Amino acid sequence: MSRDNSQQPKRAIAVAVQRPSTSDAEFEASLTELRQLAKTLGFEVVGTFTQKRAGFDAAGYLGAGKRKELHDQVLLDRADLILVDHDISPSQAHNLEKEAGVEVMDRAMVILEIFHRHASSRAARAQVEIARLGYMAPRMREAAKLAGPKDRARSGTGGRSGGESHGELDRRKIRDRMAELQKELDAMVLGRNTQRARRQERQGLARVALVGYTNAGKSTLMRALTGSEVLVANKLFATLDTTVRALHPETVPRVLVSDTVGFIKNLPHGLVASFKSTLDEALEASLLAHVVDASDPGFERQLAVTEEVLDEIGAEGVPRLLVFNKIDRGGDEPALRRKYPGCVVMSARREGDVAKLHEAIVAHFRQGLVEAELFLPWSAQKSRGEIFASCEVLEERADGEGAFLRVRGEPADVERLRAKFSAGAAPAAASPASPPPRRRRAR
Ligand SMILES: Nc1nc2c(ncn2[C@@H]2O[C@H](COP(=O)(O)OP(=O)(O)OP(=O)(O)O)[C@@H](O)[C@H]2O)c(=O)[nH]1
Ligand SMILES: [Mg+2]
């Protein structure tokens with residue numbers, strides 16, 4: 001029976017070895033995620049093949065006998081490829097492929113393929129390409145080794161020197177291409193840094209980054225919090241670029257929100273490295289809103305993985321706001337509140353919940369602010385711009401001599417303005433932002 005491959009999705013078998021250190025629940029959750037990744041790539045997972053083993057087989061990941069069994073299952077399930085739920089070495093992949101008789105993709109390759117398909121901006125495409133080439137290089141070396149000496153010493157044309165084999169040539173091409181892409185990327189990052197500097201100058205430094213496991217709902221919250229049209233999709237790694245928008249309705253201080261690439265267990269190392277510049281946005285944020293899908297039974301593991309990656313990129317010191325999302329789909333709200341004090345439990349589908357998250361973010365940035373009353377004589381009205389640019393003006397009154405402004409802002413800004421525009425006879429001391437404004441002088 002022949003199948004038309006262009007019409008039908010590729011049929012895949014999910015394959016995994018369970019080591020004694022992995023609990024059944026963890027093992028199952030990881031396989032479920034692999035199936036989800038496969039679905040994102042448009043594959044149909046037609047079977048699962050597992051083995052309990054003390055460790056991965058050095059030659060072929062599964063034990064020798066199991067590899068033969070796998071070959072039978074491939075025939076039975078009419079599978080087109082095998083997905084391995086771990087990162088395996090080039091030679092393990094090669095041997096498994098030979099014995100099973102179909103293409104083998106390991107977890108890293110599956111994730112790389114998704115990133116490759118979803119990358120749309122020039123920067124994201126370059127980053128993914130670098131990661132893919134980094135993944136390919138050792139595999140090509142392995143393939144060349146197995147191809148043996150007949151690959152060598154075909155007569156040299158082009159830039160190839162005397163004894164260089166095709167494999168070596170290809171590897172040199174890969175290295176050159178990676179260097180070229182890296183250069184392009186550096187130029188883009190430089191451009192972005194200047195843009196970013198300009199943006200920050202204009203808008204102050206209150207920044208929150210939405211970070212978290214893939215599919216947790218970061219882009220949905222980004223949309224809800226900023227009224228912007230970023231891509232939301234029930235796919236893994238829908239977002240590969242960081243977008244930045246202001247919190248809406250606007251606030252003082254103005255808060256910028258950025259959406260970031262999602263994390264996943266065993267994120268290929270090349271990807272962590274290549275997405276570092278994207279994730280730098282997260283490092284620059286003064287608050288990380290860590291979004292967790294509370295309805296996912298494996299949310300605790302996802303939370304831990306995200307924290308690990310954040311540590312890895314040096315973001316461990318940035319303050320966190322833990323946001324448990326999708327509570328409309330499930331999850332134990334009281335238990336979450338008990339276990340994670342200060343967290344936000346919400347659904348992006350409920351307007352009131354989004355407003356509460358909005359409030360919690362603004363409250364974070366207002367924490368350190370102070371209030372003061374300034375007096376601006378009519379003769380100094382040209383300084384109004386300076387005050388409005390650095391503070392929020394809460395209240396304004398005027399009398400015959402000038403204007404009284406109650407302002408709230410960063411302690412240093414308020415102190416500087418107070419020294420210049422002290423409110424006359426009874427200067428207002430900078431006071432914490434919370435108490436209600438004092439009434440001074442009737443109009
Ligand atoms: N039921 C429910 N679904 C939600 C909620 N928030 C988001 N979703 C859905 O979850 C899916 C993933 O949402 P995204 O916002 O794309 O997730 P993300 O975290 O940006 O994902 P990546 O970009 O892949 O990292 C979409 O189908 C959303 O509609 C929620 O509070 N409740
Ligand atoms: Mg997203």
Side-chain angles (χ1 to χ4, degrees), residues 196-197 199-200 203-214 216-222 224-226 239 242-248 250-263 272 275-294 299-300 302-325 327 336-346 348 353-371 390-392 408-414 432-434:
R196 202 183 282 157
R199 222 159 43 206
Q200 287 188 346
Q203 298 171 329
L205 291 160
R207 308 203 35 171
V208 54
L210 298 165
V211 296
Y213 212 73
T214 181
K218 300 177 292 299
S219 299
T220 308
L221 288 176
M222 173 83 179
L225 287 169
T226 66
T239 307
T242 303
T243 42
V244 183
R245 300 274 184 284
L247 206 57
H248 178 87
E250 285 218 4
T251 55
V252 177
R254 189 155 184 221
V255 177
L256 292 183
V257 188
S258 45
D259 185 13
T260 61
V261 56
F263 299 148
V272 177
F275 274 81
K276 190 142 187 321
S277 64
T278 309
L279 292 167
D280 273 349
E281 294 274 353
L283 294 184
E284 279 180 20
S286 22
L287 176 67
L288 296 181
H290 178 171
V291 184
V292 182
D293 178 351
F299 81 86
E300 279 183 322
Q302 300 181 347
L303 192 158
V305 167
T306 303
E307 288 296 333
E308 266 166 39
V309 180
L310 287 171
D311 280 1
E312 215 171 299
I313 62 169
E316 66 270 32
V318 186
R320 301 292 148 84
L321 176 65
L322 205 46
V323 180
F324 289 102
N325 188 34
I327 198 72
L336 289 171
R337 291 196 186 284
R338 262 196 314 277
K339 182 151 183 207
Y340 304 95
C343 70
V344 174
V345 183
M346 66 170 298
D353 286 7
V354 173
K356 263 188 239 150
L357 175 61
H358 186 286
E359 230 168 77
I361 292 171
V362 175
H364 171 87
F365 289 107
R366 282 201 179 144
Q367 260 170 29
L369 300 189
V370 294
E371 288 182 16
S390 45
C391 288
E392 177 185 15
R408 174 160 63 200
E410 293 287 341
D413 291 331
V414 170
S434 32

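Just so you know, these numbers come straight off a predicted model, no measurement behind them.
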- In this structure, CD1 of I313 is separated from CD of E316 (nearest 0.5 Å) by 9.5 Å
- Item | Polar side-chain atom of T226 near backbone of H248 as donor-acceptor pair, under 3.5 Å | no
- Message: Run the side-chain contact (heavy atoms from CB on, under 4.5 Å) test on L225 and I361 for me, step by step, so that the C-alpha distance in whole Å, both residues' side-chain angles and the decisive distance to 0.1 Å come before the verdict.
- Response: CA-CA 10 Å; L225 287 169; I361 292 171; 4.0 Å; yes
- R408 and V414: which non-hydrogen atoms are nearest, and at how many Å? C-CG2, 4.4 Å
- Item | Verdict with supporting geometry, H358 and L247, side-chain contact (heavy atoms from CB on, under 4.5 Å) | CA-CA 8 Å; H358 186 286; L247 206 57; 3.5 Å; yes
- Query: Quick one: does V345's side chain get under 4.5 Å of R337's, heavy atoms only?
  - Reply: yes
- Query: Nearest 0.5 Å, what's the CD-CZ distance between E392 and R366?
  - Reply: 5.0 Å
- Query: Taking all non-hydrogen atoms of both residues, which atom of D413 and which atom of S390 are closest, and how far apart?
  - Reply: OD2-O, 3.8 Å
- Please report the closest heavy-atom contact between L369 and E410, naming both atoms and the distance. CD2-N, 3.6 Å
- Looking only at heavy atoms, what is the nearest atom pair of L310 and R320, with distance? CD1-NH1, 3.8 Å
- Message: If you define the side chain from C-beta out and look only at heavy atoms, does anything of V257 sit under 4.5 Å from R245?
- Response: no
- Item | Considering all heavy atoms, the nearest A294-I327 contact | CB-CD1, 4.2 Å
- pair L321-H364: side-chain heavy atoms closer than 4.5 Å: no
- What heavy-atom pair brings V211 and K218 nearest, and what distance separates the two atoms? C-CD, 3.5 Å
- pair L210-T260: side-chain heavy atoms closer than 4.5 Å: no
- Query: Name the one of V291, L336, D293 that satisfies side chain to side chain contact (heavy atoms under 4.5 Å, CB included) with F324?
  - Reply: L336
- Item | Separation of E371 CD from C391 SG (nearest 0.5 Å) | 10.5 Å
- Hey, which of D353, D259, V323 is the one that makes side chain to side chain contact (heavy atoms under 4.5 Å, CB included) with L221? V323
- Message: Quick check: do Y340 and V292 have side-chain heavy atoms less than 4.5 Å from each other?
- Response: no
